[in-house]
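First comes the structure, then the notes that go with it.
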Amino acid sequence: MTTQPRFAAASRLLHWLMAPMIIAMLFIGVGMAASVARRYDLLVSIHRPLGIAILVLCVVRIVNRFISPPPDLPDTVPSLQRFAAKASHIALYALMLIMPLVGWGMLSAARYPIVLYGPLRLPPILPHDLTLYAWLRDLHTGLAYLLFRDLPRAFRRRALPRPRPARRRVREHGIVSASINGICED
């Protein structure tokens, strides 16, 4: 039995550090958009530093990807599917990079302070411009919806069991198909 190539340990660690951060970020963002209560300030105080942490980890992850490239897809994967897998990875990395930058720019354009923790603040990256702020806010929201839309699909791929090919079931369990109807006997 051959073993399939795996992602490097650092790649897996970065993935599993960032995945819950991004999921939390999306839910916090939804909570911020739906809240006018006191908890809004708490959500904002979590959302901003978490976004910067995601930005930093995304840069680390991109560098790591060049140092430890991902394993190749199996030869049995059709070329169109290979293209789709690579394109979706590029789109995900772009979103993970762009979302925090758009958020940072949005806050800069509105002259909101970007407090990370206590007195630690980020400098503005864009000039004060309320029209730009409004445009970036809509962009930030739209990108979040784009990411949020694909979240259930990604979770379903990871969480639900995948059907195994018949040949593999036969090899693993010694099952012999009794008929074309799928009745099996040991």
Side-chain angles (χ1 to χ4, degrees), residues 1-30 32-33 47-107 125-126 132 134-173 175 177 180 182:
M1 185 158 133
T2 61
T3 59
Q4 292 184 336
R6 295 178 57 156
F7 283 83
S11 301
R12 292 193 311 268
L13 176 66
L14 285 166
H15 172 86
W16 288 111
L17 274 174
M18 290 184 71
M21 291 170 75
I22 290 170
I23 292 167
M25 194 63 152
L26 290 169
F27 282 103
I28 290 169
V30 168
M32 286 169 43
H47 191 80
R48 290 176 184 170
L50 190 55
I52 297 304
I54 289 170
L55 177 64
V56 169
L57 285 174
C58 185
V59 171
V60 169
R61 195 169 172 176
I62 290 170
V63 169
N64 178 68
R65 201 168 168 91
F66 283 108
I67 294 169
S68 301
D72 291 332
L73 291 169
D75 294 336
T76 57
V77 176
S79 60
L80 186 59
Q81 207 171 349
R82 285 174 184 274
F83 172 78
K86 287 182 182 182
S88 65
H89 252 92
I90 290 169
L92 179 60
Y93 275 84
L95 276 172
M96 290 188 302
L97 250 165
I98 292 169
M99 283 286 294
L101 289 172
V102 169
W104 187 357
M106 174 184 72
L107 295 173
I125 57 172
L126 292 174
L132 180 60
W135 186 82
L136 289 173
R137 183 171 183 182
D138 288 344
L139 179 61
H140 194 66
T141 302
L143 292 172
Y145 282 128
L146 191 66
L147 195 56
F148 205 71
R149 184 197 71 190
D150 288 335
L151 186 64
R153 195 175 348 190
F155 178 74
R156 189 173 54 244
R157 269 197 322 266
R158 179 56 78 178
L160 297 179
R162 298 179 200 168
R164 292 176 295 155
R167 267 186 255 141
R168 186 167 163 199
R169 286 194 306 268
V170 169
R171 252 194 338 264
E172 289 176 358
H173 302 290
I175 298 172
S177 177
I180 202 153

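Given the structure is predicted, the values throughout are model-derived calculations rather than measurements.
- Taking CZ of F7 as the reference point, atom CG of N64 lies at 10.5 Å (rounded to 0.5 Å).
- Taking the side chain as every heavy atom from C-beta outward, R48 and L107 approach each other to under 4.5 Å.
- Remark: M21 CE to L57 CG distance equals 5.0 Å, nearest 0.5 Å.
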Under 3.5 Å, sequence neighbours excluded: what are the donor-acceptor pairs made by side chains of residues 67-76?
none

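- Heavy atoms of other residues, nucleotides or ligands lying less than 6.0 angstrom from CZ of R65 number more than 12.
- Rounding to the nearest 0.5 Å places CD1 of I28 at 12.0 Å from CD1 of I23.
- Heavy-atom minimum distance, G103 versus H140: N-ND1, 3.5 Å.
- The minimum heavy-atom distance between G105 and I125, with the atom names listed, is N-CD1, 3.7 Å.
- In this structure, the side chains of C58 and M18 come closer than 4.5 Å at one or more pairs of heavy atoms.
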Please report, to 0.1 Å, the donor-acceptor pairs under 3.5 Å made by any side chain of residues 85-101, with sequence neighbours excluded.
from: S88; atom 1: OG; to: A84; atom 2: O; distance (Å): 3.1
from: S88; atom 1: OG; to: A85; atom 2: O; distance (Å): 3.0
from: Y93; atom 1: OH; to: R61; atom 2: NE; distance (Å): 3.1

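- Between the CG atom in L147 and the CG atom in L26 there is a gap of 5.0 Å [rounded to 0.5 Å].
- Pairs engaging residues 7-28 under the salt bridge (Lys or Arg N to Asp or Glu O under 4.0 Å) rule: none recorded [sequence neighbours left out].
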